[in-house]
There are 2 protein chains.
Amino acid sequence: MIELILETGYELLRDMPQKYTILDIAKTAGVSRGTVSRVLNNHPSVSDQTRQKVLEVIKRLDYSPNFSARSLRTAASNMVGFATDEVITTPFAVDIIRGAQDTLSQYGKVMIAINTGYDSQAMQKSMEVLLERRVEGIVYAAMFHREIDIPAQLVERIPVVLANCFSKDQLLPSVVPDEVSGGYNATKALLDAGHTRIGFINLSRAWGEPIAPLPASDGRLKGYKKALAEADVPYDEDLLHYTDQRPTSSYDKTLEIMQKDDPPTAIFCGNDRTAMGCYNALMSLSLRIPDDVAVVGFDNQSNLCEALYPSLTTVQLPHYEMGQWAVEYLLNHADDSVDPPQHKLNCPLVTRDSV
Amino acid sequence: MIELILETGYELLRDMPQKYTILDIAKTAGVSRGTVSRVLNNHPSVSDQTRQKVLEVIKRLDYSPNFSARSLRTAASNMVGFATDEVITTPFAVDIIRGAQDTLSQYGKVMIAINTGYDSQAMQKSMEVLLERRVEGIVYAAMFHREIDIPAQLVERIPVVLANCFSKDQLLPSVVPDEVSGGYNATKALLDAGHTRIGFINLSRAWGEPIAPLPASDGRLKGYKKALAEADVPYDEDLLHYTDQRPTSSYDKTLEIMQKDDPPTAIFCGNDRTAMGCYNALMSLSLRIPDDVAVVGFDNQSNLCEALYPSLTTVQLPHYEMGQWAVEYLLNHADDSVDPPQHKLNCPLVTRDSV
DNA sequence: TACCATTATGGGATCGATCCCATACGCAAA
DNA sequence: TTTGCGTATGGGATCGATCCCATAATGGTA
């Protein structure tokens with residue numbers, strides 16, 4: 001049978017879904033199934049001669065073991081589910097996926113990616129798919145930092161780690177950006193550059209539909225205040241504004257903020273898009289960046305920051321690192337019976353030319 | 001492959017609490033395994049009474065069938081591999097993933113996502129992982145439109161469809177953006193608005209490392225010329241410029257192009273980033289958009305286009321649709337013994353306020 | 001009532017690997 | 001030579017589902 005297949009070329013081979021089995025290899029090499037299995041799994045008690053013979057046959061026949069058969073017996077799926085909602089506000093949030101994927105492949109495991117969609121029924125269905133496949137756990141990632149609701153039923157059945165989001169009562173391990181550190185780092189960079197009047201155009205709570213607290217907004221403000229306090233610079237409420245996501249909003253706010261008495265010499269923007277509107281407004285006022293007014297953004301959307309002139313100093317969200325952390329925790333500590341950690345990752349400053 | 005196998009340790013035993021089996025369900029419901037299997041697979045010849053009884057037990061015990069066991073017998077993995085290189089120039093290219101994923105879930109299948117990395121050895125290894133898992137096929141997606149090289153050895157063993165890229169001799173089915181249509185649509189929009197002097201700041205061939213032909217650049221130029229020809233507007237080589245990806249490059253080129261005799265009244269930019277530099281240059285010349293000079297971009301990077309003022313009219317790359325097409329073709333036509341199609345998808349205009 | 005077609009159900013064989021017990025072999029010590 | 005022990009190998013049992021044949025139950029018709 002083996003000879004037949006070899007002679008007829010790959011056209012036929014491709015039609016045969018299962019190709020060769022361990023038995024084909026065993027027969028061809030003149031050994032038993034058990035021996036081939038031992039070679040495959042690097043078991044010590046196989047003679048070098050036999051091992052070489054088997055490996056040679058494996059290579060020659062392009063044999064690759066059937067994963068389903070193996071995992072049926074060993075109950076090791078070597079798969080992790082990666083679920084996301086579909087809401088993409090920051091396209092760079094996909095770095096979470098990359099971080100998770102790279103870490104998984106270090107462990108020789110793979111990721112099954114699914115979208116949960118919006119309604120919890122579709123989510124339930126997606127999760128069933130993952131359970132059926134006996135994934136070792138699930139990483140649930142949100143596309144922006146927020147609170148989410150995972151069905152309790154699911155959590156009882158399989159380890160779940162949250163990335164860029166957290167659950168209501170902090171019952172699940174989660175990793176999120178340390179927004180406070182981000183706000184602090186941005187503000188401190190401006191303080192260090194000698195600024196003491198620092199405007200802050202923060203993100204609005206009204207981000208599309210109403211979401212209870214917006215951790216990004218609250219955290220960054222906290223960091224802003226903390227940096228000011230440390231530098232003994234008084235907090236001035238007049239310097240704080242909120243924008244919604246309409247394009248002209250931050251433009252208008254910047255004009256407003258600059259036309260007051262004692263205008264700021266620096267502006268910290270809640271995200272890079274906001275900073276872009278800010279740039280336009282400053283330009284229309286014939287103010288130079290950073291000579292007249294320094295600007296710092298948030299998000300580090302590289303397609304935007306680097307395209308601006310001068311390029312935008314901003315704060316980086318640790319998307320890649322969140323993906324890494326979530327997988328590491330899932331694989332190594334999912335069974336720990338401790339309070340689920342709520343891990344926060346620093347948001348470092350990315351220095352460019354706007355400060 | 002052999003290296004890969006050797007690396008998998010022997011003691012990969014992980015005790016996963018293997019919930020219930022089909023036999024548990026059968027016993028609890030007082031029926032046989034076969035009957036439970038029939039219920040699970042919606043087989044008609046099961047009495048309503050029995051079916052209800054079994055379903056009730058399944059629900060009560062939170063039973064979910066073991067996928068490995070099923071696919072061992074049926075040889076249907078219901079999985080498709082999705083491989084990408086890591087080079088992300090346009091973050092929105094992830095829409096390819098979404099398109100593929102959504103289509104797969106319509107078929108009740110899932111995606112295994114992997115990064116191939118840069119070197120072909122790492123790629124080979126990734127592919128082995130997919131083969132071992134008996135995926136039905138592989139979608140290989142590039143993050144920008146280009147030619148790629150898939151190992152012949154792989155292609156012989158499993159169906160492969162390319163998205164946003166193509167193979168040297170067009171031996172593999174592929175789906176790519178119709179760059180010509182994009183260039184045409186952009187230029188035509190400007191012609192329709194009454195412009196006859198249309199500058200074109202095209203993408204440079206020198207995109208980081210040297211890549212043979214840059215389909216985006218060549219195609220868009222072709223579309224530009226085609227639209228001009230159709231409108232009987234002579235092609236003027238003075239209006240064509242190339243930028244590299246340095247931030248200030250398109251700024252400088254715009255100044256250069258506008259300071260010539262008989263400057264253009266409209267500029268078509270090779271991508272949205274280029275358009276952004278163009279905006280800045282026009283603003284510094286005190287020219288209003290679109291009143292003095294109209295601008296069209298390319299890519300439709302929404303975080304950028306909508307943040308610009310006025311918002312940028314641009315051309316959309318059909319990322320989502322490429323993902324859809326690739327999966328559809330893979331599932332329905334992979335075995336067709338015809339010349340592998342090289343499918344091109346239209347790049348539609350997205351109208352905003354800059355024309 | 002006898003007969004046949006259809007529906008409903010049970011259970012053995014099977015998929016391709018691993019696990020593990022039994023056994024053959026080689027070699028050193030008694 | 002015999003005994004003993006570790007190494008190398010073979011092959012039956014097993015994982016959890018599906019497939020399929022055999023058989024029981026049901027219902028309609030002659």
Side-chain angles (χ1 to χ4, degrees), chain A residues 1-2 16-55 57-58 61-78 131-134, chain B residues 4-5 8-55 57-58 61-78 131-134:
Chain A
M1 163 190 162
I2 290 163
M16 313 195 95
Q18 287 297 346
K19 304 193 309 172
Y20 299 111
T21 72
I22 205 171
L23 190 58
D24 297 321
I25 305 300
K27 279 183 185 163
T28 309
V31 297
S32 72
R33 297 170 359 257
T35 300
V36 177
S37 176
R38 272 176 288 250
V39 171
L40 287 172
N41 292 287
N42 227 12
H43 194 281
S45 63
V46 179
S47 73
D48 272 355
Q49 193 189 359
T50 308
R51 168 169 278 122
Q52 288 311 317
K53 193 169 57 181
V54 171
L55 286 176
V57 173
I58 286 176
L61 298 190
D62 256 351
Y63 166 76
S64 111
N66 183 313
F67 178 80
S68 288
R70 169 179 291 173
S71 75
L72 176 58
R73 189 64 222 243
T74 63
S77 72
N78 280 318
L131 287 173
E132 216 177 47
R133 272 155 155 111
R134 300 289 189 269
Chain B
L4 176 71
I5 292 172
T8 62
Y10 188 66
E11 57 286 25
L12 269 183
L13 254 172
R14 234 190 130 120
D15 49 313
M16 268 220 309
Q18 191 75 308
K19 305 282 294 181
Y20 297 105
T21 73
I22 205 172
L23 189 57
D24 297 320
I25 305 301
K27 278 183 184 161
T28 308
V31 298
S32 72
R33 293 165 7 250
T35 300
V36 176
S37 175
R38 265 165 283 211
V39 171
L40 287 172
N41 292 286
N42 272 327
H43 194 281
S45 62
V46 178
S47 73
D48 272 355
Q49 193 188 358
T50 308
R51 168 169 276 122
Q52 288 312 315
K53 195 169 54 184
V54 170
L55 285 176
V57 173
I58 286 176
L61 296 190
D62 256 351
Y63 166 76
S64 108
N66 183 313
F67 178 79
S68 288
R70 169 179 292 171
S71 75
L72 176 58
R73 186 69 221 241
T74 63
S77 71
N78 280 316
L131 287 173
E132 208 177 46
R133 275 161 153 106
R134 300 288 190 270

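Lettering follows sequence order; numbering is per chain, from 1. Computation of the quantities below employed the complete heavy-atom set of this structure, encompassing side-chain atoms and omitting hydrogens, waters and symmetry-equivalent molecules.
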Legend entry - Selection from dT18(C), dT9(C), dA17(C) that lies nearest to any side-chain heavy atom of Tyr63(A): dA17(C)
Inset, instruction - To the nearest Å, give me how far apart CZ (Arg33(A)) and C1' (dT9(D)) are. - result: 12 Å
Legend entry - Closest to the Ser32(A) side chain, choosing from dG10(C), dT9(D), dA17(C): dT9(D)
Inset, instruction - Considering just the side-chain nitrogens and oxygens of Ser37(B), establish if one lies under 4.0 Å of OP1 or OP2 belonging to dA17(D). - result: no
Legend entry - Distance below 4.0 Å between Ser47(B) side-chain N/O and dT9(C) OP1 or OP2: yes
Legend entry - From Asp62(B), Leu61(B), Val54(B), residue fulfilling side-chain contact (heavy atoms from CB on, under 4.5 Å) relative to Ile58(B): Val54(B)
Legend entry - Pair of N/O donor and acceptor under 3.5 Å linking dT14(C) base with Arg73(B) side chain: yes
Inset, instruction - Among the candidates dA17(D), dG10(D), dA13(D), find the nucleotide nearest to the side-chain atoms of Asn66(B). - result: dA17(D)
Legend entry - Whole-Å distance separating the CG atom of Leu23(A) from the P atom of dT14(C): 13 Å
Inset, instruction - Examine dT9(C): is either OP1 or OP2 under 4.0 Å from a nitrogen or oxygen in the side chain of Thr50(B)? Give yes or no. - result: yes
Inset, instruction - Verify the neighbour count for atom NZ of Lys53(B): are there more than 12 heavy atoms of other residues, nucleotides or ligands below 6.0 Å? - result: yes
Legend entry - Polar side-chain contact Arg134(B)-dG16(C) base: donor and acceptor under 3.5 Å: no
Inset, instruction - Classify the nucleic acid contact of Ser45(B) as base, sugar-phosphate or nothing, counting any heavy atom under 4.0 Å across all strands shown. - result: base
Inset, instruction - Quick one: do Arg70(B) and Ile22(B) satisfy side-chain contact (heavy atoms from CB on, under 4.5 Å)? Show the steps, please. - result: CA-CA 11 Å; Arg70(B) 169 179 292 171; Ile22(B) 205 172; over 6 Å; no
Legend entry - Interatomic distance where NE2 belongs to His43(B) and C1' belongs to dC21(D) [whole Å]: 13 Å
Inset, instruction - Assess the side chains of Ser64(B) and Arg134(A): does a donor N or O sit below 3.5 Å from an acceptor N or O? - result: yes
Inset, instruction - Write down the distance between CG (Leu40(B)) and P (dC19(D)), rounded to a whole number of angstrom. - result: 12 Å
Inset, instruction - Could you check which of dA17(D), dT9(D), dG12(D) has an atom nearest any side-chain atom of Arg38(A)? - result: dT9(D)
Inset, instruction - Ignoring backbone atoms, test whether Thr35(B) places a side-chain nitrogen or oxygen under 4.0 Å from the OP1 or OP2 oxygen of dG10(C). - result: yes
Inset, instruction - Report yes or no: does Ser37(A) contribute a side-chain atom to a donor-acceptor pair with the main-chain N or O of Arg33(A) at less than 3.5 Å? - result: no
Inset, instruction - Return the value, rounded to whole Å, for the distance between atom CZ of Arg70(B) and atom P of dA17(C). - result: 21 Å
